[in-house]
There are 2 protein chains.
Amino acid sequence: MSAPGVRARVRAEMTEEIKIVARRHLATDGANLSLRAVARDLGMASSAVYRYFASRDELLTALIIDAYNSVGEQAEQAARDKTDELAAFLGMAHAVREWALNDPHQWALIYGSPVPGYQAPQDTIGPATRVILLIASLVESAYTNGRLTERPPITGRYAEELAVIAERYTTGATPRLVAAALSAFLHLSGALSGELFGQLTASVEEDRRGFFEFQMRGAAYLIGMTDAP
Amino acid sequence: MSAPGVRARVRAEMTEEIKIVARRHLATDGANLSLRAVARDLGMASSAVYRYFASRDELLTALIIDAYNSVGEQAEQAARDKTDELAAFLGMAHAVREWALNDPHQWALIYGSPVPGYQAPQDTIGPATRVILLIASLVESAYTNGRLTERPPITGRYAEELAVIAERYTTGATPRLVAAALSAFLHLSGALSGELFGQLTASVEEDRRGFFEFQMRGAAYLIGMTDAP
DNA sequence: GAAAAGCAAGAGCACTGCTCTCGTTGTGAC
DNA sequence: GTCACAACGAGAGCAGTGCTCTTGCTTTTC
């Protein structure tokens, strides 16, 4: 009799197994995940799944959190051990793109339109900020290392809001830097959503990686990370 | 006994009425549109709706085309009669934002994750390009009027693809200009999706319009429409 | 060992998209 | 004017969905 108890361990395994099968269904059938189909695949009654997830939404939430952490991890790993912030930013961007291309439905789950009637619970906002915090840290690092071209400061009410964010989440970034990081992140997510959701259809078809690189270099220039637009 | 016939006219009216009710349902219940609920609201049997739309997907397609045209129209109207291209671009961006804020579900319908199992038919790609072609025309206009700061040319395979697009859809734009227009469009859609889909939660909450303006000015700078980043 | 809590299964409810059939009604050819 | 035909609305029905409730069984806890 181990400390956590047999039942608790089995429960954890079962929970994980449900998520795995659910992810598989998500990858093939898209976002309209069927709890009954997942239960069928597991050889159990659909009602039994409700012992592990109170509702379909709760299962989706678990998958969303996992997805945020997955892409966050991949991004952080790609940014590590790079010579400078520009290389880290571009490597990170390509890593996120690879992750998204590898499982478009998971991308849609976290960065696409919210599932109807689904309200993101508090648990998700932590993992959700990993990528954007990573970008912010790169911007801040470039700034403190003197590798960031000066950009005019920002003013207005949104600048004050961003000052609060800078105070809370960074170790000395200005509102301008937070704004730059947010902008870069939204440029990244826009570029990827455009590619994955078919907005690029009939324009760039072959060399989408090259076009993505071009866009991310543009975003880096806008931030001040590079001097060549 | 008008030329189109009574039946044809009633059919057209009925088709429009179904779309109106469906749009209302979309605005309140989100993307999981229920054909039966729409039929109930119209006081008719659900099977009768199938006389007008062969499937739920076909109804969604009709709504998507209408939405593309609606936002396209609003964008074009906002860009008209502006003193210069920068003003037109910013006015257009804010118009698109207003349109999206006014009916987020329609925005999600066209720029969010594709509906599961839904494959956009050929009919949609025409209306879908209205906004981006508008941006391209603004860029081209600024270029021919000498109001566009020079940006380094682009190379690579995606540049060749964009050259084909430039040849087909513009009257003399370079691949670089098409790339700029695409980038600006994706920046716009990324900024709006981020705002609407909750990516900005707990950062910019109050002055989102100001932050959006900041981002669009950034995009304009990246294009070369303005010299102040 | 008894009581309590966790668990799986099945039936059932209300809902969905979609198909088929069956009368009815407007339409064009003669 | 008549008559065949296509369009139409309604209803029943099928297979699927999320979710709840009850009924037995097993594991944990006291």
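Note: hydrogens, waters and symmetry copies are ignored here, and every other heavy atom, side chains too, is used. Within every chain, numbering begins at 1; the chains are lettered A, B, ... in the order of the sequence lines, protein sequences first and strands thereafter.
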Heavy atom of residues 46-53 of chain B under 4.0 Å from DNA chain C: which residues?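 Heavy-atom cutoff 4.0 Å gives B:S46, B:S47, B:Y50.
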Kindly state which residues belonging to residues 14-21 of chain A come within less than 4.0 angstrom of DNA chain C, counting heavy atoms of the residue only, listed by number.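 Contacting residues: none.
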Choose from C:dG17, D:dA10, D:dG18 the nucleotide whose nearest atom is closest to any side-chain atom of A:S34. D:dG18
When you measure from the side-chain N and O atoms of B:R11 to the phosphate of D:dC8, is any distance below 4.0 Å, counting only OP1 and OP2?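 For D:dC8, OP1 or OP2 has a side-chain N or O of B:R11 closer than 4.0 Å.
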Taking OP1 and OP2 of D:dC5, is either one under 4.0 Å from a side-chain nitrogen or oxygen of B:R7?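 No, outside the criterion.
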Under 4.0 Å between a Lys/Arg side-chain N and an Asp/Glu carboxylate O for [X] and [Y]?
| X | Y | value |
| --- | --- | --- |
| B:E161 | B:R157 | no |
| A:E76 | A:R80 | no |
| A:R24 | A:D41 | yes |

Gap between atoms CG and P, on B:N32 and D:dG18 respectively (whole Å): 12 Å
Let me spell it out: for each of A:R36 and A:A45, pick the nucleotide of DNA chain C with the closest heavy atom. Which residue's pick is nearer the 5' end?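 Final value for this comparison: A:A45.
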At under 4.0 Å between heavy atoms, what does B:L59 touch on the DNA or RNA strands: base, sugar-phosphate, or nothing?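 If one applies the 4.0 Å heavy-atom cut-off, B:L59 turns out to touch nothing in the nucleic acid.
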Look at all strands and tell whether B:L33 reaches a base, only sugar-phosphate, or nothing, counting heavy atoms closer than 4.0 Å.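 The residue B:L33 makes sugar-phosphate contact but no base contact.
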Where do B:R217 and B:E213 land on the salt bridge (charged side-chain N to carboxylate O under 4.0 Å, His left out) test, with the steps shown first? CA-CA 6 Å; B:R217 283 191 182 274; B:E213 169 96 15; 3.0 Å; yes
